[in-house]
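Contents: one structure, followed by commentary.
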Amino acid sequence: MSAVSSTVYDAVERALSELESEFDVRAVLAVARGSHAWGAASPDSDYDVGFVFVEADCRRYAHLDGTRESVVEYATATVDGHPIDLEFQGWNVTTFAKLLAASNQGAIDLLRSPIRYRTTYDPDPLAAELERTFDPMDLYHDWRAIASNTYRTYLSDHLVGPDDEVFPIRDRLAKGYLVETDDGTTTIAADDERFTETATRQTVKGNLTVFRAAASARYLKRTGERGDHDLPALEFESFLEEQAPAVFDADRLECGHRLLERKRRGDGNAVIGDRVGREFAHPPRLIDPAVHARDGPDRTRLNDVVDAMIDASR
């Protein structure tokens, strides 16, 4: 089970209070995100904090310019004599509710985080409700996008073209490259001076991020096809040990375990090549709505959540 020390809790609370003063907001829920939330943190991992905030002056919700949708801030703190980096990503309560209505992966996982720095609003009832009512198709496409986009950025060797556009290399040909485009593939000549070949640093961390997202998408699709969309556990080791064996073979599971173990012991930046594979990293773009789509969270209920969070901020 993921955990952080009491001194980290204190550091997060101090930084969160400073952020509230700077932006004139009130955080009603703040939790760990990233590797600390899903059990892949190493001793040198940064601390990512997700939070939901309400404008201190609620009249702003009626103003013509509206309110800020999000807040992203970075801070440093000293814990037990060592500096730590804190990254805060906050959503306005209305933005958060819209993301939940869309079965957004990040918003759902914020509710499920086991490390909670502030719970002025109790997330447990809402988390349980979202686990029952999420739209599997929306969530699948979130996970699929994370897997394919992260693979494209961090694991694919690629050509960099005009305007820094990235083209992942699918194959090296006798006189050029077969590269991936948004709508398929194309061939680029080796002597085309507009393009430069660049190799990515294929790290443990990059591989693990792709593996987790692709496995979550594929697991959600497979369990839906068997009659019940099973939400992948947030804690990744639990997912690998308790859920994934019903879908993936032993070699795939072993790959996930090895990546997780190396990340935990501090090897996240070690370059290891592509251990996930292009095919696994790209779950199918099209899935059957008749099987995988449902209405999703009740919007009237989410309006009630907005009201409750505003009330909790007072």
Side-chain angles (χ1 to χ4, degrees), residues 34-35 40 46 104-106 137-222 225 232 236 240 244 247-263 266-289 292:
S35 59
D46 296 342
N104 174 270
Q105 172 266 327
M137 193 156 185
D138 283 345
L139 186 57
Y140 171 84
H141 284 299
D142 267 3
W143 280 121
R144 182 194 173 280
I146 293 169
S148 59
N149 291 340
T150 305
Y151 186 90
R152 180 187 182 101
T153 304
Y154 294 106
L155 296 187
S156 289
D157 289 344
H158 53 265
L159 298 183
V160 178
D163 301 321
D164 293 328
E165 190 172 3
V166 173
F167 297 89
I169 298 170
R170 296 291 295 271
D171 194 12
R172 287 175 169 80
L173 309 175
K175 296 183 179 181
Y177 304 88
L178 180 69
V179 301
E180 179 181 322
T181 63
D182 289 339
D183 56 359
T185 59
T186 191
T187 301
I188 295 175
D191 59 359
D192 190 332
E193 296 181 353
R194 297 173 302 165
F195 298 88
T196 302
E197 182 174 353
T198 301
T200 55
R201 296 187 71 253
Q202 299 164 320
T203 64
V204 169
K205 181 178 179 180
N207 274 272
L208 180 59
T209 301
V210 173
F211 184 99
R212 177 173 177 255
S216 295
R218 291 178 178 278
Y219 179 80
L220 190 62
K221 178 177 181 291
R222 185 73 64 84
E225 290 166 348
F236 191 53
L240 289 175
V247 170
F248 303 112
D249 63 29
D251 288 342
R252 186 66 66 184
L253 295 174
E254 179 62 21
C255 177
H257 279 293
R258 287 199 304 269
L259 291 171
L260 180 60
E261 290 167 4
R262 292 199 63 178
K263 173 66 171 61
D267 292 341
N269 292 323
V271 177
I272 60 172
D274 176 6
R275 300 297 176 88
V276 179
R278 175 176 294 276
E279 182 179 358
F280 187 77
H282 291 76
R285 185 183 298 272
L286 300 177
I287 60 174
D288 187 355
H292 299 290

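We use all heavy atoms of the structure for the numbers below, so side chains are in, but hydrogens, waters and symmetry mates are not.
The aromatic rings of Phe280 and Phe211 sit tilted, their planes meeting at an angle between 30° and 60°.
Partners of His158 under the ring-ring contact (aromatic ring centres under 6.0 Å, His included) rule, at least two apart in sequence or in another chain, do not exist in this structure. Under the rule for a side-chain contact (heavy atoms from CB on, under 4.5 Å), the partners of Leu178 that lie at least two apart in sequence or sit in another chain are Arg170, Asp171, Leu173, Thr185, Thr187. With sequence neighbours excluded, the residues satisfying salt bridge (Lys or Arg N to Asp or Glu O under 4.0 Å) with Asp267 are Arg262, Arg265.
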Pair Val179-Phe195, side chain to side chain contact (heavy atoms under 4.5 Å, CB included): steps then yes or no: CA-CA 11 Å; Val179 301; Phe195 298 88; over 6 Å; no
Between Asp157 and Gln202, does a side chain to side chain contact (heavy atoms under 4.5 Å, CB included) hold up when you go through it step by step? CA-CA 9 Å; Asp157 289 344; Gln202 299 164 320; 4.2 Å; yes
Where do Arg278 and Leu155 land on the side chain to side chain contact (heavy atoms under 4.5 Å, CB included) test, with the steps shown first? CA-CA 9 Å; Arg278 175 176 294 276; Leu155 296 187; over 6 Å; no
Test log, rule side chain to side chain contact (heavy atoms under 4.5 Å, CB included), inputs Thr209 and Tyr154: CA-CA 10 Å; Thr209 301; Tyr154 294 106; over 6 Å; no
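To the nearest 0.5 Å, the span separating NZ on Lys263 from OG1 on Thr203 amounts to 9.5 Å. Considering OG1 of Thr150 and CG of Asn207, their distance stands at 11.0 Å, rounded to 0.5 Å. Once rounded to the nearest 0.5 Å, the distance linking CD of Glu225 with CG of Asp288 reads 8.5 Å.
Side chain of Arg144 to main chain of Ala213: no donor-acceptor pair is present (N/O by atom type, distance under 3.5 Å, no hydrogens or angles). One N or O on the side chain of Asn104 and one on the backbone of Gly106 form a donor-acceptor pair closer than 3.5 Å. No donor-acceptor pair closer than 3.5 Å links the side chain of Arg222 to the backbone N or O of Phe248.
Looking at Trp143 and Pro283, their side chains never come closer than 4.5 Å, going by heavy atoms from C-beta outward.
Summarising the geometry of Leu220 relative to Tyr140, their closest heavy-atom pair is CD2-N, 3.7 Å, with the distance given to 0.1 Å. Taking every heavy atom of both residues into account, Ser148 and His282 meet most closely at CB-CD2, 3.7 Å.
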